Protein chains: 2
Amino acid sequence: MARKVGRRGGNIVTIHDVARHVGVSPMTVSRVINGEKNVREETRAKVLASVEALNYSPNLAARSLATQDAARVGLLYSNPSVAFLSEFLLGILGESSQAGTQLLIESCDGPEGAAAALEKLKNNGCDGVILSPPLSDSTRVAKTLQDMNLPFVGVAAARPATDICAVSIDDHKAAFAMTRRLIELGHRDIGFIKGHPNAYASQLRFDGFLSAMAKAGLTAEPHLIAQGYFTYRSGFDAAERILSHKQRPTAIFASNDDMAAGAVATAHRMGLDVPDQLTIVGFDDTAMASSVWPELTTVRQPIADMAAASVRLLLEQIRSRRLGREFEPVREVRDFALIERQSSTFTSSGGAISDS
Amino acid sequence: MARKVGRRGGNIVTIHDVARHVGVSPMTVSRVINGEKNVREETRAKVLASVEALNYSPNLAARSLATQDAARVGLLYSNPSVAFLSEFLLGILGESSQAGTQLLIESCDGPEGAAAALEKLKNNGCDGVILSPPLSDSTRVAKTLQDMNLPFVGVAAARPATDICAVSIDDHKAAFAMTRRLIELGHRDIGFIKGHPNAYASQLRFDGFLSAMAKAGLTAEPHLIAQGYFTYRSGFDAAERILSHKQRPTAIFASNDDMAAGAVATAHRMGLDVPDQLTIVGFDDTAMASSVWPELTTVRQPIADMAAASVRLLLEQIRSRRLGREFEPVREVRDFALIERQSSTFTSSGGAISDS
DNA sequence: CCTTATTTTGTTAGCGCTACCAAATCACGC
DNA sequence: GCGTGATTTGGTAGCGCTAACAAAATAAGG
């Protein structure tokens, strides 16, 4: 027979080797590996020791073949903010490689193109789909998936729908926290650049801002609020509108990093130092935030974390479905973080600074 | 036995189903699927038709279990330019999911931290490693890998080493092409912002620039050349130095997009319109390039493509090694592309523009 | 002590696929 | 016709793992 040796790299150690080494049956080893409970503590310890000693690591292909658990999950994204995407992928990969899940990636142009891509995923035998924003917020895409009878999980979905699985942060709370932080730093006149009106998150972030202002007894002056569209350019223009008023704010909170970076450019063009004369903060903590200068203070979503969670959630869902059980849609909310970099600082001026 | 039905999603179709449907043995179907040659054309056609009809798609877990071909490949990156990383991951994923390869991802802090990460990968049973830049350029990392006797492939390695596998573009040629394009557009006084001196690509890009200038009979004025460090800030500063000279260039070629974006900021601050008064181009086509305004004309590396190629190369390498064959190190060079966006335009002025 | 519940371990079979060899078919010439 | 070689197909076994059941060991109870 003489099959080639050393096939799995140096990792030819199988469950049988471990079993022989310990003096138990392979099944027992399997049980220990999978953390089943009906194993005597003593045996478990011996097995674990051998696993360690032999440097055993399970063959995922064999496992998924045996369990029939092998899930193929699809990943659908569109308009990938590249920065988002890479963290997203890392999270997904980490989790799915651990679960021995096969991944299929598709992209599409917005919710309109999603149906075709989903069809393709399904045809390739996907058991479920993970949606990146903005797809995760689209009721249309959700509808399509439901019609196809495919389980799915949305990542960073802002729209609160109770009937679908999603992992996200609390945009409202995050914007609230950032605003409160600005107020703590002494800012009173705070400008706000809104996000694209068709994104649900835009509204939540704006509301969070307003709530924090109101709670501090501050008014959000209309001339300090400008509409943006999540692009650098729109942030650039919005900041210009805000800053051209005689009563300038001491801080501007942009609904995403690209717009914040655009605002920084406007400030520079107007000869304003950031952060000494104007604090500017963003949202998302994309690559943009740390590649411009000064680096942006911003709100960070734990994207990789959320992505990993979404894989777990999806697999659970697929599993219960196979068992014929009903699956209760879950909405996981993860923690965001305020990242303070160089674009923000406290202000000493009680009110607006005067024109220099 | 009555195992649960519909386990692999809707994809319960196995090679046996196809075989029965056609009226041949499973083995024949397997042969067709794998494109082996000793199959009569007629049979092959029938099988393929059934595969299509039944919407069969092979179970990768079973295949890799049977072939013992299952490779586990490690991915090592450090200081990920997020934009790079996501394209990189997409390329790797696409290819490896097709090959049924398992991926393990590790990151480390520069070449120094690589050894530990590689050790970990090896311990987890990796059969080979893919290196992202700047690791792919590190002789130290290469040495470590060789000592560990692990096959590897470097992606976007600038340093031309003949004894290792790598996939990259020709940085010199790319910089040459971009420079020539600028000259075509009528630019004569062209500034250049160099990349970080510790990156080999920096030198290649600079050399390419110089060659093109020389070939056009132009001189690269020393005061138009500034050292940068691949960061936004360094591009900002370098552009300031270049532009503060009385004899201003009509174009600036930055060695990467971040620096080009920084240069745009400087130009704006100095009241120069881009591209009307100053053309600025970058290199890499990262997210930065298309998120600033004006969007950057730049050189694009087909990262996903290169990443996919690297997986193929690595798998080949692993395979021949298992067969005990010697593997000839391959250096694949892919094509770059000049992406013209809004930050560049032709110049009408024969020489330097005058101060406005 | 033996019966009955309970926990722990072992046995068997099979997941879907392909390597390997054996059998069948075909091609061609004498 | 039959042998020889080439081509095309089929059968068998097994990759590493885990359901499902069976058996053994242990605990509980009278």
Side-chain angles (χ1 to χ4, degrees), chain A residues 1-8 11-20 22-47 51 54 56-72 99-100 102 125 319 322-323, chain B residues 1-8 11-20 22-47 51 54 56-72 99-100 102 125 319 322-323:
Chain A
M1 220 80 247
R3 275 191 180 267
K4 272 147 249 75
V5 287
R7 50 234 167 172
R8 293 270 308 93
N11 176 38
I12 359 165
V13 189
T14 80
I15 211 172
H16 290 89
D17 299 320
V18 179
R20 205 172 319 118
V22 187
V24 294
S25 82
M27 201 54 232
T28 303
V29 177
S30 170
R31 288 197 180 94
V32 172
I33 307 273
N34 294 299
E36 289 178 30
K37 47 178 204 267
N38 281 339
V39 179
R40 214 187 330 167
E41 212 37 66
E42 189 191 328
T43 326
R44 178 188 306 276
K46 276 196 291 186
V47 170
V51 164
L54 300 180
Y56 165 79
S57 100
N59 180 330
L60 297 178
R63 173 180 293 170
S64 42
L65 188 57
T67 51
Q68 290 299 5
D69 191 59
R72 205 177 286 192
Q102 196 193 339
R319 215 165 294 137
R322 279 185 192 157
L323 267 53
Chain B
M1 218 78 247
R3 272 188 182 269
K4 271 151 254 63
V5 288
R7 46 227 175 189
R8 294 267 308 90
N11 178 37
I12 359 166
V13 189
T14 80
I15 211 172
H16 290 88
D17 299 318
V18 179
R20 204 170 320 115
V22 188
V24 295
S25 81
M27 204 49 234
T28 305
V29 177
S30 171
R31 286 196 181 94
V32 173
I33 307 270
N34 293 300
E36 289 176 31
K37 47 176 202 263
N38 280 338
V39 180
R40 208 179 342 153
E41 211 37 66
E42 189 192 327
T43 326
R44 178 187 306 277
K46 277 197 290 186
V47 170
V51 164
L54 299 180
Y56 165 80
S57 102
N59 180 328
L60 297 177
R63 173 180 294 170
S64 44
L65 186 57
T67 51
Q68 292 298 359
D69 191 59
R72 205 177 286 194
Q102 196 193 340
R319 215 166 293 138
R322 278 186 194 157
L323 266 53

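The chains referred to below are lettered A, B, ... by the order of the sequence lines, with proteins before strands, and numbering in each begins at 1. Just so you know, these numbers use all the heavy atoms, side chains as well, and skip hydrogens, waters and symmetry mates. All values reported here derive from a predicted model rather than from experimental measurement.
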Bending between helix ends of the helix from C/dC1-D/dG30 to C/dC30-D/dG1 [5 pairs per end, 10° resolution]: 50°
Distance, nearest 0.5 Å, that separates CG of A/Asn59 from CD of B/Gln68: 7.5 Å
Minimum heavy-atom distance between A/Arg72 and B/Pro58, given as atom pair plus value: NH2-O, 3.4 Å
Short side-chain N/O contact to D/dC15 OP1/OP2 from A/Asn59, under 4.0 Å: no
Nearest-angstrom distance from the residue atom OH of A/Tyr56 to C1' of D/dG16: 7 Å
A/Leu54 to A/Val18 - nearest heavy-atom pair and separation: CD1-CA, 3.8 Å
Residue pair B/Ile15 / B/Pro26: nearest heavy atoms and the distance that separates them: CD1-O, 3.8 Å
B/Gln68 side-chain N/O to D/dG14 phosphate OP1/OP2 under 4.0 Å: no
Distance in angstrom units between A/Gln102 CD and C/dC15 C1', rounded: 16 Å
Only pairs under 3.5 Å count here: list side-chain donor-acceptor contacts from residues 29-43 of chain A, not counting sequence neighbours, and write none if there are none.
{"residue": "A/Ser30", "atom": "OG", "partner": "A/Asn34", "partner atom": "ND2", "Å": "3.4"}
{"residue": "A/Asn34", "atom": "ND2", "partner": "A/Ser30", "partner atom": "O", "Å": "2.9"}

Heavy-atom donor-acceptor pair, A/Thr28 side chain to A/Val24 backbone, under 3.5 Å: no
Nearest-angstrom distance from the residue atom CG of A/Leu60 to C1' of D/dT18: 14 Å
Value rounded to 0.5 Å, distance of CG in B/Leu60 from CG in B/Leu65: 12.0 Å
N/O (side chain, A/Ser30) to phosphate O (OP1/OP2, D/dC17) under 4.0 Å: no
Taking only N/O atoms, report every protein-nucleotides 7-12 of chain C pair under 3.5 Å with atom names and distance.
{"residue": "C/dT8", "atom": "OP2", "partner": "A/Asn38", "partner atom": "OD1", "Å": "2.9"}
{"residue": "C/dT9", "atom": "OP1", "partner": "A/Thr43", "partner atom": "OG1", "Å": "2.5"}
{"residue": "C/dT9", "atom": "OP2", "partner": "A/Arg40", "partner atom": "N", "Å": "3.2"}
{"residue": "C/dG10", "atom": "OP2", "partner": "A/Ser25", "partner atom": "N", "Å": "2.7"}
{"residue": "C/dG10", "atom": "OP2", "partner": "A/Ser25", "partner atom": "OG", "Å": "3.1"}
{"residue": "C/dG10", "atom": "OP2", "partner": "A/Thr28", "partner atom": "OG1", "Å": "2.8"}
{"residue": "C/dG10", "atom": "O6", "partner": "A/Arg31", "partner atom": "NH2", "Å": "2.6"}

Residue pair A/Tyr56 / A/Val13: nearest heavy atoms and the distance that separates them: CD1-O, 3.3 Å
A/Ile33 CD1 to D/dA19 P, straight-line distance once rounded to whole Å: 13 Å
First of B/Asn34 and A/Ala62 reached from the 5' end of DNA chain C, by closest nucleotide: A/Ala62
Which atom of B/Ser25 lies closest to which atom of B/Ala19, heavy atoms considered: C-CB, 3.8 Å
Separation of D/dT7 P from B/Arg44 CZ (nearest whole Å): 14 Å
Residue-phosphate contact under 4.0 Å: B/Arg63 side-chain N/O, C/dG16 OP1/OP2: no
Whole angstrom value for the distance that separates P of D/dA13 from CG of B/Leu65: 18 Å
Given C/dA19, C/dC15, C/dG16, the nucleotide with the shortest approach to the side chain of A/Ala66: C/dC15
Between C/dG14 (P) and B/His16 (NE2): distance, integer Å: 12 Å
